[in-house]
There are 2 protein chains.
Amino acid sequence: MLDNLTTHIKKFIELHDTDVELINSVVSVKQVKKKAFLLQPDQVCRELYYVSKGCLRLYFINKKLNEQITQFAIENWWMSEYGSLESNKISNYYIQAVENSEVISISKLKLEELFEKVPRLERYFRIVQQRAFTASQKRIEYIYSMSDEERYRHFSSLFPDFIQRIPQYMLASYLGFTPQFMSKIRAKKV
Amino acid sequence: MLDNLTTHIKKFIELHDTDVELINSVVSVKQVKKKAFLLQPDQVCRELYYVSKGCLRLYFINKKLNEQITQFAIENWWMSEYGSLESNKISNYYIQAVENSEVISISKLKLEELFEKVPRLERYFRIVQQRAFTASQKRIEYIYSMSDEERYRHFSSLFPDFIQRIPQYMLASYLGFTPQFMSKIRAKKV
DNA sequence: TCTATTTATTAATCTTGATTCATTTTTTGG
DNA sequence: CCAAAAAATGAATCAAGATTAATAAATAGA
């Protein structure tokens, strides 16, 4: 649903009907099946994705050949691999649907054109980027101030609903430890 | 020097002389002595800081009563404690000068007013925020894909000049390990 | 220039969470 | 509804980096 995006934008800036039309004319809606990929290694990331329904994950394969998840995106969050998007260099990340999802995508190029036509959108994305940065910094704070076990309990208490939506091993990966260690702390809790 | 800031902004967007004057009328230049604070716990962070000369650090005191540095800012970087800035809640961070520094500061409120008068600035800050987010994500990638020792060697090879500017124990803190461990790996290298 | 304070080093011991490998439980697709 | 795959658990051993404590070196300020 295209509405989801413009409704979200309207929480931050005013949009005229003509703006809404302009936006809707350059984005596209994708139904993404669980486990389907929006980005794979050796591709250049050229799009940004807004999740209108479902859940995406961003991950890469580390030296030990394990998946390392660096981000999730659920409803009303943007996801992209900015390292590649900004540099036009090949990415070593995957973007994959964790659930059957509905995603609104826009190419970097179209977005640049859109900024020319609807300059107020710069403001929306400034705010979105600032929030993303703040969240990312908060995450670094947690990494450096809590043990893995504390971080697991903290995350669980902050997002009890979210942890029901994803397999445990994905949460373990996101939090930076092994599924075995996760089982150990969960067993302790009882 | 006010010039440093507007010169930097002009790398991303066009500024008319009137824009430059408007900007310069709402920012202020501060000479900050080494070890002086721009923010301390129990204050609300209400300003953003652009480093025109010198170096700032952002840190908090963790549960073990050690300083945990989460960011440095050198020439041409912005620093603020966005968690507090966005929410107007009390911060538990310090922003402190690591060297005698020159900082251009602008209050959040003045910046909001400035956005009304010079809307193209939204674009500048959107780009700055996006880069900051990208760097922050890259850092999370490194945290989760390298050992502490690897991260130290990687950081040293990327920023050989920077590590000369700061005490070792600050780099150890930023990288998330103890000064003792740092000494150990440095001793190994010989 | 001397003394304080700050910063860096070394070594022994300890802890958290990784690794390995086997087993069990749950989920999925045909 | 069943087989195969995916996900979760459990236990034994191991390793990276923390902790503690003492000392040494470098820096700054008076």
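Residue numbers begin at 1 in each chain, while the letters A, B, ... track the order of the sequences. The analysis underlying the following values was restricted to heavy atoms, covering all of them including side chains, and did not include hydrogens, waters or symmetry mates.
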From CG of L65(A) across to C1' of dT20(C) the rounded distance in Å is 16 Å

Whole-Å distance, Q164(B) CD to dA26(D) C1', equals 15 Å

note: K33(B), atom NZ; dA28(D), atom P; distance rounded to Å ~ 15 Å

Pairing partner of dA8(C), by Watson-Crick or G-U wobble and under 3.5 Å for both distances, is dT23(D)

Here the distance between atom C1' of dT28(C) and atom CD of E99(A), to the nearest Å, is 16 Å

Would you sort out whether F125(A) and W78(A) count as a ring-ring contact (aromatic ring centres under 6.0 Å, His included), showing the intermediate values? CA-CA 10 Å; F125(A) 278 97; W78(A) 285 91; 5.2 Å; yes

With heavy-atom distances below 4.5 Å as the criterion, would you say the side chains of I9(B) and V20(B) are in contact? no

Given protein heavy atoms under 4.0 Å, the one-letter contact record of nucleotides 8-25 of chain D, with B base, S sugar-phosphate only and - none, is simply SBB------SBBBB----

Query - salt_bridge(E149(A), R153(A)) N-O dist < 4.0 Å - result: yes

Judged by whether its glycosidic angle lies within 90° of 0, dA4(C) is syn

Side-chain contact test, heavy atoms from C-beta onward, threshold under 4.5 Å: evaluate it for S105(B) versus K30(B) and give yes or no. yes

Would you call the rings of F155(B) and F159(B) parallel, tilted or perpendicular, where under 30° means parallel and over 60° means perpendicular? tilted

Between CD1 of I185(A) and C1' of dT15(C) the distance, given in whole Å, is 15 Å

- Query: Below 6.0 angstrom between ring centroids: does that apply to Y94(B) and F60(B)?
  - Reply: no

To the nearest angstrom, the NZ-C1' distance between K63(A) and dA18(C) comes to 15 Å

